Amino acid sequence: MGGVGEPGPREGPAQPGAPLPTFCWEQIRAHDQPGDKWLVIERRVYDISRWAQRHPGGSRLIGHHGAEDATDAFRAFHQDLNFVRKFLQPLLIGELAPEEPSQDGPLNAQLVEDFRALHQAAEDMKLFDASPTFFAFLLGHILAMEVLAWLLIYLLGPGWVPSALAAFILAISQAQSWCLQHDLGHASIFKKSWWNHVAQKFVMGQLKGFSAHWWNFRHFQHHAKPNIFHKDPDVTVAPVFLLGESSVEYGKKKRRYLPYNQQHLYFFLIGPPLLTLVNFEVENLAYMLDLLWAASFYARFFLSYLPFYGVPGVLLFFVAVRVLESHWFVWITQMNHIPKEIGHEKHRDWVSSQLAATCNVEPSLFTNWFSGHLNFQIEHHLFPRMPRHNYSRVAPLVKSLCAKHGLSYEVKPFLTALVDIVRSLKKSGDIWLDAYLHQ
């Protein structure tokens with residue numbers, strides 16, 4: 001191996017008992033290529049090049065942190081750190097040289113230190129402990145809505161009014177199931193990761209008809225690199241919609257696949273109505289590891305309603321539920337993100353990157369329930385494993401941290417947050433048009 005700052009041959013695992021080789025950030029920075037990935041966790045350097053394909057969260061998720069300090073992401077995503085460190089040990093190739101900072105580039109070291117102290121304070125306050133009663137009620141009211149919808153059709157018949165009301169109730173049930181599986185995917189309910197995984201498969205498969213593996217694969221990337229092109233699937237939506245920096249890029253390159261200056265209008269036709277029904281259903285076809293779970297949902301749904309509607313009717317009823325559910329999903333999940341900064345990788349620290357891509361919506365009993373507490377998006381992104389009923393308790397601490405470091409802690413009224421989605425799309429479309437015409 002070369003000395004500090006001198007590139008050497010490909011490193012192998014550090015030998016037990018031997019002094020750890022030291023690296024500088026200049027050396028580490030060179031290892032962020034396909035098939036050649038290093039990252040830093042707690043000042044230790046790991047070569048994940050070959051192991052990334054075996055990473056339970058997917059190779060893309062861990063690869064997005066190539067040549068970076070991934071300490072805070074590591075702590076945010078993993079429930080049992082000591083258990084996970086056992087898997088890291090064979091990948092250890094060295095450590096940062098003593099004179100090297102813990103993070104590469106012009107990062108705010110004091111902010112990182114203060115956030116880690118806040119994280120520890122949240123643990124000391126037991127804010128990562130879930131309330132079984134809270135989540136039992138959530139599951140119970142989801143199941144109750146499923147039964148209520150069926151009883152409406154059974155007792156009142158498959159007329160237009162009972163069918164519309166049943167579809168509306170089922171859409172709410174599906175929306176709440178999204179929230180519950182989301183909690184389980186982040187391992188924020190049970191202390192054992194395995195219990196969270198199994199319960200998520202049940203909720204996502206049996207209650208929703210989707211793959212938990214598919215959801216985790218895309219959603220964890222969103223959390224790792226929110227609003228970053230080609231790393232966050234939620235904003236990698238060009239050429240259908242242009243967001244953030246892509247507006248200028250498409251304009252300068254004279255790309256016009258759609259009338260992007262009108263995207264805030266065609267958003268209503270293809271965004272909320274079709275995301276769940278079309279895009280998610282198609283994506284799921286590539287993740288059939290959970291096929292039996294998903295099949296159980298479709299079998300239950302169609303067997304429950306086929307006697308009332310027949311085949312064409314039950315298909316129409318299913319589409320109606322999915323379209324209503326899709327509206328909820330798009331508006332609720334994007335009101336905290338689309339109006340924020342969207343662009344290419346900036347290599348910020350964990351706190352700064354999450355705050356740049358998120359905002360909150362004013363809390364109320366209705367908003368908290370209807371959004372699955374995703375109105376506390378800032379707290380959720382900083383502490384993805386925290387049970388959602390504790391967001392309101394950690395929020396004042398996060399707000400104080402932001403005030404201390406001059407960071408924006410944005411909170412909007414609910415309706416303003418929804419309207420800002422359309423405003424942001426219009427603004428991006430106008431930027432594209434200006435660049436298209438004048439540059």
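A quick note: this is a predicted structure, and the numbers were derived from the prediction, not measured. Just so you know, these numbers use all the heavy atoms, side chains as well, and skip hydrogens, waters and symmetry mates. FYI, the numbering just counts along the sequence from 1.
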**Q** Are Phe241 and Tyr266 close enough that their ring centers fall under 6.0 Å?
**A** yes

**Q** I'd like to check Thr367 versus Val361 (side-chain heavy atoms, cut-off strictly below 4.5 Å). Are they in contact?
**A** yes

**Q** Does the side chain of Ser352 reach to within under 4.5 Å of the side chain of Leu111, using non-hydrogen atoms?
**A**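 Yes. Closest side-chain heavy atoms under 4.5 Å.
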
**Q** Ignoring hydrogens and angles, tell me if any N or O in the side chain of Gln79 forms a donor-acceptor pair with the backbone of Phe190 under 3.5 Å.
**A**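 Yes, because the side chain of Gln79 sits within donor-acceptor range (under 3.5 Å) of the backbone of Phe190.
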
**Q** Tell me, with the steps shown, if Asn368 and Asn375 meet side chain to side chain donor-acceptor pair (under 3.5 Å).
**A** CA-CA 7 Å; Asn368 294 353; Asn375 52 318; 2.8 Å; yes

**Q** Without swapping roles, check the side chain of Trp178 against the backbone of Met204 for a donor-acceptor pair under 3.5 Å.
**A**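 Absent.
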
**Q** Can you classify the ring geometry of Phe83 versus Phe87 as parallel (below 30°), tilted (30 to 60°) or perpendicular (above 60°)?
**A** perpendicular

**Q** Does the side chain of His337 reach to within under 4.5 Å of the side chain of Ile342, using non-hydrogen atoms?
**A**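 They are not in contact (no side-chain heavy atoms under 4.5 Å apart), so the answer is no.
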
**Q** Without swapping roles, check the side chain of Asn336 against the backbone of Cys359 for a donor-acceptor pair under 3.5 Å.
**A**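 Yes; judged by distance alone, with no hydrogens or angles, the pair exists.
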
**Q** Ignoring hydrogens, what is the shortest heavy-atom contact between Gln377 and Thr358? Give both atom names and the distance.
**A** CG-CG2, 3.9 Å

**Q** Can you tell me if CG on Leu269 sees more than 12 non-hydrogen neighbours from other groups inside 6.0 Å?
**A** yes

**Q** Taking NZ in Lys126 as the centre, count heavy atoms belonging to other residues, nucleotides or ligands within less than 6.0 Å. Is the count above 12?
**A**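 No.
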
**Q** Counting C-beta onward and ignoring hydrogens, is there a side-chain heavy-atom pair between Ile378 and Tyr409 closer than 4.5 Å?
**A** yes

**Q** Parallel, tilted or perpendicular, judged at 30° and 60°: which one describes the rings of Phe370 and Trp328?
**A** perpendicular

**Q** Looking at Asn227 and Glu341, would you say the former's side chain and the latter's main chain have a donor-acceptor pair under 3.5 Å?
**A**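 Indeed, once roles are kept as given, a pair shorter than 3.5 Å links the two residues.
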
**Q** Between Trp51 and His55, is the ring centroid distance below 6.0 Å?
**A**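 Yes, the ring of Trp51 comes within the 6.0 Å limit of the ring of His55, centre to centre.
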
**Q** What residues, two or more places apart in sequence or in another chain, satisfy ring-ring contact (aromatic ring centres under 6.0 Å, His included) together with His219?
**A**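 His219 satisfies ring-ring contact (aromatic ring centres under 6.0 Å, His included) with His182, His186, Trp215, His222, His223 only.
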
**Q** Examine distances only and state if a side-chain atom of Asp232 and a backbone atom of Pro226 form a donor-acceptor pair shorter than 3.5 Å.
**A** no

**Q** Around atom NZ of Lys192, are there more than 12 heavy atoms from other residues, nucleotides or ligands closer than 6.0 Å?
**A** no

**Q** Do the ring planes of Phe301 and Phe317 sit parallel (below 30°), tilted (30 to 60°) or perpendicular (above 60°)?
**A**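 Geometry flag for Phe317 against Phe301: parallel rings.
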
**Q** Do His389 and Phe135 have their ring centres less than 6.0 Å from each other?
**A**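 Between His389 and Phe135, the centre distance is under 6.0 Å.
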
**Q** Indicate yes or no for a side-chain donor-acceptor contact from Ser177 to the backbone of Ser173 under 3.5 Å, with no hydrogens or angles considered.
**A**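 Answer holds: yes.
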
**Q** Going through the checks in order, is the side chain to side chain donor-acceptor pair (under 3.5 Å) test met by Asn360 and Glu379?
**A** CA-CA 9 Å; Asn360 282 2; Glu379 287 72 24; 2.9 Å; yes

**Q** Find out whether the Lys NZ or Arg CZ of Lys208 is both under 6.0 angstrom from the six-membered ring centre of Phe297 and within 45° of the ring's axis.
**A** no

**Q** Donor-acceptor check, side chain of Ser304 to backbone of Arg300, threshold 3.5 angstrom: yes or no?
**A** yes

**Q** Side chain to side chain donor-acceptor pair (under 3.5 Å) between Ser193 and Asn196: does it pass, once the steps are laid out?
**A** CA-CA 5 Å; Ser193 294; Asn196 286 294; 5.4 Å; no

**Q** Would you call Lys37 and Glu68 a salt bridge, taking side-chain N to carboxylate O under 4.0 Å as the test?
**A** no

**Q** Have Asp420 and Ser424 got a donor and an acceptor in their side chains that come within less than 3.5 Å?
**A**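 Note: Asp420 and Ser424 side chains miss the donor-acceptor criterion.
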
**Q** Got a sec: does the CZ of Arg75 have more than 12 other heavy atoms crowding it under 6.0 Å?
**A**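 Enclosed.
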
**Q** Around atom NZ of Lys412, are there more than 12 heavy atoms from other residues, nucleotides or ligands closer than 6.0 Å?
**A**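 Buried by this count: over 12 neighbours within 6.0 Å.
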
**Q** With distance as the sole test, does Ser428 use its side chain to make a donor-acceptor pair with the main-chain N or O of Leu425 at under 3.5 Å?
**A** no

**Q** Flag the pair Pro101 / Trp25 as yes when at least one side-chain heavy-atom distance between them is below 4.5 Å, and no otherwise.
**A** yes

**Q** Where does the angle between the aromatic ring planes of Tyr250 and Tyr257 fall among parallel (under 30°), tilted (30 to 60°) and perpendicular (over 60°)?
**A** perpendicular

**Q** Identify whether the distance between the nearest side-chain nitrogen and carboxylate oxygen of Arg116 and Asp69 falls below 4.0 Å.
**A** yes

**Q** Any donor-acceptor pair under 3.5 Å linking the side chain of Ser247 with the backbone of Gly429?
**A** no

**Q** If you take all heavy atoms of Leu81 and Phe74, which pair is closest and at what distance?
**A** CD2-CE2, 3.7 Å

**Q** Apply the test side chain to side chain donor-acceptor pair (under 3.5 Å) to residues Arg322 and Gln174: give CA-CA distance (whole Å), side-chain angles for both, the deciding distance (0.1 Å), then the verdict.
**A** CA-CA 9 Å; Arg322 279 288 192 246; Gln174 287 292 293; 3.0 Å; yes

**Q** Nearest 0.5 Å please: distance from the NZ atom of Lys231 over to the CD atom of Gln221.
**A**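 Between Lys231 NZ and Gln221 CD, I get 10.5 Å after rounding to 0.5 Å.
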
**Q** Ring centres under 6.0 Å, that's the criterion: do Phe383 and Trp350 meet it?
**A** no

**Q** Mind checking whether Leu180 and Ile189 have side chains closer than 4.5 Å, heavy atoms only?
**A**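 Answer yes - side chains close enough.
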
**Q** Hey, are His344 and Glu249 close enough side-chain-wise for a donor-acceptor pair under 3.5 Å?
**A**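 Yes, a side-chain donor-acceptor pair sits under 3.5 Å.
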
**Q** Side chains of Val45 and Ile28, heavy atoms from C-beta outward: is any pair under 4.5 Å?
**A**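 Contact flag for Val45/Ile28 side chains = yes.
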
**Q** Would a 4.5 Å heavy-atom cut-off, applied to side chains only, mark Gln354 and Arg348 as touching?
**A**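 The answer is no, as the side chains (C-beta and beyond) never meet within the 4.5 Å cut-off.
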
**Q** How about CZ on Phe168, more than 12 heavy atoms from neighbouring residues, nucleotides or ligands closer than 6.0 Å, or not?
**A** no

**Q** Taking atom types as modelled and ignoring hydrogens, do the side chains of Arg385 and Ser188 form a donor-acceptor contact shorter than 3.5 angstrom?
**A** no

**Q** Any luck finding a side-chain donor-acceptor pair between Gln200 and Asn216 under 3.5 Å?
**A** yes

**Q** Under 6.0 Å from the CH2 atom of Trp369, do we count more than 12 heavy atoms belonging to anything else shown?
**A**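 More than 12 within 6.0 Å, yes.
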
**Q** Pairing donors with acceptors under 3.5 angstrom, does anything connect the side chains of His405 and Asp114?
**A**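 Yes, side-chain donor-acceptor contact under 3.5 Å.
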
**Q** Under 3.5 Å, side chain of Thr71 to main-chain N/O of Glu42, donor-acceptor pair present?
**A**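 Between the backbone of Glu42 and the side chain of Thr71 there is a qualifying donor-acceptor contact (under 3.5 Å).
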
**Q** Check the orientation of Phe115 and His119. Use parallel for under 30°, tilted for 30 to 60°, and perpendicular for over 60°.
**A**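 Perpendicular: the ring planes of Phe115 and His119 meet at over 60°.
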
